[in-house]
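A short write-up of the structure that comes next.
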2 protein chains.
Amino acid sequence: MLNVVTIKDVKVKIGETCKQLRKSNNLSREELAETLDISRATIQNIEYGKNATLDNVLKVANHFGFLPYIFNEIDKANTSQNDISLY
Amino acid sequence: MLNVVTIKDVKVKIGETCKQLRKSNNLSREELAETLDISRATIQNIEYGKNATLDNVLKVANHFGFLPYIFNEIDKANTSQNDISLY
DNA sequence: TATATTTGACTAATATAATAGTTATTTATG
DNA sequence: CATAAATAACTATTATATTAGTCAAATATA
């Protein structure tokens, strides 16, 4: 089987990651939200894998230090001219 | 110097990547927008590095085939318990 | 156990991303 | 050159993400 990654998969993964990193840093949603200058409800939505704005998701990525890795992957997709596969 | 990656940097990079991959696939914004079931204006905003919804950005990533790479980076940040550096 | 903190699950109001249009300019094609 | 296609830059409207607020249930802490 192919096990294709879906958009929903990515959103759920973002949510799981936010929750786990928040926990391992001993932060409540309230605290993380305040630090990132967003609301507790938005953190909750992100952790639930709901749709969100790019800005808020990137704030989370930035706070937990994996923003550069995201940047690099996009840059790679760019420079390697990732045309749509014909196969 | 440190050359830190900012949230704006990532948004601009996403925009550049969308534009370049769209061009290299000989697609107009109109065509890409229709394929992804979003509007031409939204594609334009993304290419300009403006804020957008996660769903729409991931649609672009999915269409040009780098959604799994995004997924993997988030998964790595997750499993390696990327605590906030003290240094 | 008692108390405090955190979380899940809502609601109503607000802010803003997305949309469908339009027009002028730029770029590609005959 | 002439014409078509694509893009830049707007506007007004709609859709929806964000917010502040509440309250009950779950969890952690004294």
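Every heavy atom of this structure was used, including side-chain atoms; hydrogens, water molecules and symmetry mates were not. Chain letters run A, B, ... following the sequence lines, proteins first, then strands; residues in each count from 1.
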Extract from the structure each pairing of a protein N or O with an N or O of nucleotides 18-20 of chain D at less than 3.5 Å, listing the distance.
residue : atom : partner : partner atom : Å
D/dT18  : OP1  : A/Thr53 : N            : 2.9
D/dT18  : OP1  : A/Thr53 : OG1          : 2.7
D/dT18  : OP1  : A/Asn56 : ND2          : 2.7
D/dT19  : OP2  : A/Ser39 : N            : 2.9
D/dT19  : OP2  : A/Ser39 : OG           : 2.8
D/dT19  : OP2  : A/Thr42 : OG1          : 2.4

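- D/dA5 atom C1' lies 10 Å from atom CD of B/Glu31, rounded to whole Å.
- Looking only at side-chain heavy atoms (C-beta outward), A/Ile14 and B/Leu54 come within less than 4.5 Å of each other.
- Atom CD of A/Glu34 has 12 or fewer neighbouring heavy atoms from other residues, nucleotides or ligands inside a 6.0 Å radius.
- A side-chain N or O of B/Asp9 and one of B/Thr6 form a donor-acceptor pair less than 3.5 Å apart.
- Taking 4.0 angstrom as the limit, B/Lys23 places none of its side-chain polar atoms (N or O) nearer than this to OP1 or OP2 of C/dA28.
- What separates CZ of B/Arg22 from P of C/dT27 is a distance of 14 Å, to the nearest Å.
- Look at CD on B/Glu30: it is 13 Å from P on C/dT22, rounded to the nearest Å.
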Verdict with supporting geometry, B/Ile70 and A/Ile74, side chain to side chain contact (heavy atoms under 4.5 Å, CB included): CA-CA 8 Å; B/Ile70 304 285; A/Ile74 299 164; 4.0 Å; yes
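- To the nearest 0.5 Å, atom NZ of residue A/Lys59 and atom OG1 of residue A/Thr42 are 9.5 Å apart.
- Put simply, NZ on B/Lys19 is 11 Å from C1' on D/dA6, counting in whole angstrom units.
- B/Tyr48 has a side-chain polar atom (N or O) that falls below the 4.0 Å cut-off from OP1 or OP2 of D/dA9.
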Step-by-step side chain to side chain contact (heavy atoms under 4.5 Å, CB included) determination, B/Phe64 to B/Thr17: CA-CA 10 Å; B/Phe64 292 120; B/Thr17 302; over 6 Å; no
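- Look at CG on A/Leu27: it is 16 Å from C1' on D/dA28, rounded to the nearest Å.
- Among the heavy atoms of the strands lying under 4.0 Å from B/Gln44 is at least one base atom, whether or not backbone atoms are also near.
- Here the P atom of nucleotide C/dT16 and the CG atom of A/Asp55 are 11 Å apart, to the nearest Å.
- In this structure, A/Lys11 atom NZ and D/dT16 atom P are separated by 12 Å, rounded to whole Å.
- In this structure, the CG atom of A/Asn26 is 11 Å from the P atom of C/dT7, given to the nearest Å.
- For the salt bridge (Lys or Arg N to Asp or Glu O under 4.0 Å) criterion with A/Glu47, the lone passing option out of A/Lys19, A/Lys11, A/Arg22 is A/Arg22.
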